[in-house]
Amino acid sequence: MSIRVEHLKKRFGDFSTGSAGSAADFVAVDDVSFEVESGSLVALLGPSGSGKSTILRILAGLEAPDEGRVLFDGVDATHVHARARAIGFVFQHYALFRHLTVEENVAFGLDVRNVPKATSRRRANELLDLVGLGGLGGRYPSQLSGGQRQRVALARALAPEPKLLLLDEPFGAVDAKVREELREWLRRLHDEVGVTSIFVTHDQDEAFSVSDRVLVIHRGRLEQLGTPSEILDEPRTEFVAGFVGEVNVFPAEVANGEARVGALHAKVGAPDGHARLVVRSYDVKLWREDAGIATVERVVTLGDRVRVHALVDGAGSLVAQFPRRSSLLKNVEPGCRVQVEVTSARAYPRA
Amino acid sequence: MRAERDVGAPAIAPVEAAKLDARDTRGDRLAAGRVALGAVVVLYLAVVLLGPMGALVAEVSRIGIGEVLSAVLAPPALEALGMSIALVAISVVVNAFVGTIGAIALVRHRFVGRGLLGALADLPLAVSPVMIGLAFLLLVGREGVLAPVLEALDWKIVYAFPGLVIGTLFVTLPYTMRELAYVLEEIGTSEEEAAATLGASAWQTFWHVTFPNVRVALGYGLLMTAARALGEFGAVLVLGGSISGQTQTATTFIHDAVEERALAGGYGMALVLGAISVVLLALLEHLKHRRARALGRTK
Ligand SMILES: Nc1ncnc2c1ncn2[C@@H]1O[C@H](COP(=O)(O)OP(=O)(O)O)[C@@H](O)[C@H]1O
Ligand SMILES: [Mg+2]
């Protein structure tokens, strides 16, 4: 199913006055529009509180937008009840039915549609096999681990064959190792089942490693929509640039396609004037040179990466990252002078 | 704290030790205080609960089991007990519906006057049943505002069974509703939302998701309702008038019996009510544990 969202807006009333629609309202989703192609896997990425869950809940029909429309396959679904949207929703904290067995949980969406019991049980068990939980159908949710509950929630959402699968931080509540596995597995499952899927995450690695496209959300607004590499290579706003990697930000002056701050300069594609220069830590080269423009403060080894913290004349501190065996690192040690070259940078105009 | 002591100079050590001593004796005093408090609670329970029950049993055996039994099994006593049981049954059934619907409305829906409804639902807890009875008398009594209407319709409320029902329903209103509202708040909406996304109708969601989760709480609330209905005195006295064989309940029967010095009947009935209360309490205790377990499985 293809999805089209037009100018979505959602306010939440101020609890202290209890009145909705007043000026004190909090805008959780602010004029968000986007499209999702049928069959793709899309990530809604943003920091906590940016409005990701609210957008997902509006798509599910669990929340009504104040303004804007939601279209499924070109048909306006803004006022269609959640139960009639043919969606599957995986909740952040599973929301399994605690008084039903795993099998009954998975069969729920079929049972409420009066699918014959034999059929619904067979389908439930097929799905449990698919998510690797075959044989656990008789247990209660309280008897499962977090990762297992998550997979039951997924099987339950898939059982009625939804046209759209929505997942709210599906791996947020399981530990790091399980999360990695589930991530891989979600991608494979998506390719197998082929259902259009949108998942919410605040973890950039998760968004980039799993999805076809990423929507970056910040303060209720859509900052950028693109493929993972588009977002990594061409962050459209300063927020996106800072959110998707370790960056250095300097107040700079741009003239003739070159940004300058102190002794540092970089080629950028921004108009002349005041700007904020954003430089990724891995887009910096530096090497020992007594006539250089910076002094090394610290050298930190983190696994297979080395981070160099340097103080650039007239610009301030800068962090650069290198592979551990990089030849550039030769003789680079705290206190020494280094030359700095910015290989790639972006500048965002500033008032 | 520990680090301080470890590095502390010897000169300071005695002071530290004295402080520690002080803390220890304070701990002792706390422990002693807990024991004393425990003793007070036990004593209080003994005086308030076991004392009267014991006195009752002693009194009944002094009068003679035979005489007490025949007084309790006599028609007026049985009719009064039957009346009380009927009121219990009615209030349990009515509260099962009103309490459930009211609690869902209060917790799950947003509407104008919701706060007011919540406060009204708690009102019977704060107001004396006698006062409530009097207020109803002013409304539907012989001289009441609605008296002409009731007369025209030939409805008798006060000093009749409907009066007893109204009084009992009013005083029992909060118990089931509050209990259910608390549990509904506690379990949250995510399972209900999950059911909706899976295609369940409102009724299917209630019946297959919400209700199983609040079943124990409903039982708990209804038991409290039953206990309250059984024990109600003021409202049923004012609205019913305790007419033997018509509007006399178990509690007003006891009152009248003691008044008329028919002690065998009075004490006998008190013992019967006491026994029923013990059973209700035991059931409540049982459900309390089940409820705790059910809520423990929340996430
Ligand atoms: N039901 C609600 N009532 C009031 N405020 C809400 C409600 N739901 C979300 N919000 C607020 O809206 C903002 C966005 O929330 P959410 O969509 O949950 O963010 P995210 O999922 O990105 O962490 C937050 O500031 C949150 O406090
Ligand atoms: Mg969220």
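We name chains A, B, ... by the order of the sequence lines, and we start the count at 1 in each one. Quick caveat: nothing in here was measured; it's all calculated off a predicted structure.
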Asker: Find out whether P160(A) and L198(B) are in side-chain contact, i.e. whether some heavy atom of one side chain is under 4.5 Å from a heavy atom of the other.
Answerer: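 Yes, at least one pair of side-chain atoms sits under 4.5 Å.
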
Asker: With a 4.5 angstrom heavy-atom cut-off, is it the side chain or the backbone of F91(A) that approaches chain B, or both, or neither?
Answerer: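 Contact with chain B involves the side chain of F91(A) alone.
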
Asker: Should the pair D66(A)-K9(A) be classified as a salt bridge under the 4.0 Å nitrogen-to-oxygen rule?
Answerer: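 No, D66(A) and K9(A) are not salt-bridged.
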
Asker: What residues of residues 102-130 of chain A sit under 4.5 Å from chain B when you count only heavy atoms?
Answerer: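 Residues of residues 102-130 of chain A touching chain B at under 4.5 Å: F108(A), G109(A), V112(A), R113(A).
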
Asker: Which bit of A157(A) is near chain B, if near means a heavy-atom gap under 4.5 Å: side chain, backbone, both or neither?
Answerer: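 Answer is backbone: N, CA, C or O of A157(A) sit under 4.5 Å from chain B.
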
Asker: Output the residues of residues 199-207 of chain B for which the shortest heavy-atom distance to chain A is under 4.5 Å, in residue-number order; output 'none' if no such residue exists.
Answerer: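 Interface residues of residues 199-207 of chain B: G199(B), A200(B), S201(B), A202(B), Q204(B).
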
Asker: Under 3.5 Å, is there a donor-acceptor pair linking the side chains of T210(B) and E192(B)?
Answerer: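 Present: a donor and an acceptor within the cut-off.
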
Asker: Any side-chain donor-acceptor pair under 3.5 Å between Y175(B) and R228(B)?
Answerer: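 The criterion, which ignores hydrogens and geometry beyond distance, is satisfied for R228(B) and Y175(B).
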
Asker: Is it the case that over 12 heavy atoms from other parts of the model lie below 6.0 angstrom from the CD atom of E37(A)?
Answerer: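 No - once you tally the heavy atoms of other residues, nucleotides and ligands closer than 6.0 Å, there are 12 at most.
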
Asker: Does E181(A) come within less than 4.0 Å of R179(A), counting only side-chain N to carboxylate O?
Answerer: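 Judged by the 4.0 Å cut-off on N to carboxylate O distance, E181(A) and R179(A) do not form a salt bridge.
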
Asker: To the nearest 0.5 Å, tell me how far I90(B) CD1 sits from L164(B) CG.
Answerer: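 Reported to 0.5 Å precision, the distance equals 9.0 Å.
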
Asker: Any heavy-atom pair between the side chains of V238(B) and F136(B) that's under 4.5 Å?
Answerer: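 Contact flag for F136(B)/V238(B) side chains = no.
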
Asker: Quick one: do E193(B) and R57(A) make a salt bridge, cutoff under 4.0 Å?
Answerer: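 Counted as a salt bridge, because a side-chain N and a carboxylate O are separated by less than 4.0 Å.
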
Asker: Identify whether NZ of Lys or CZ of Arg in R156(A) sits under 6.0 Å from the centre of the six-membered ring of F97(A) and within 45° of that ring's axis.
Answerer: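 Ring-cation test returns yes.
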
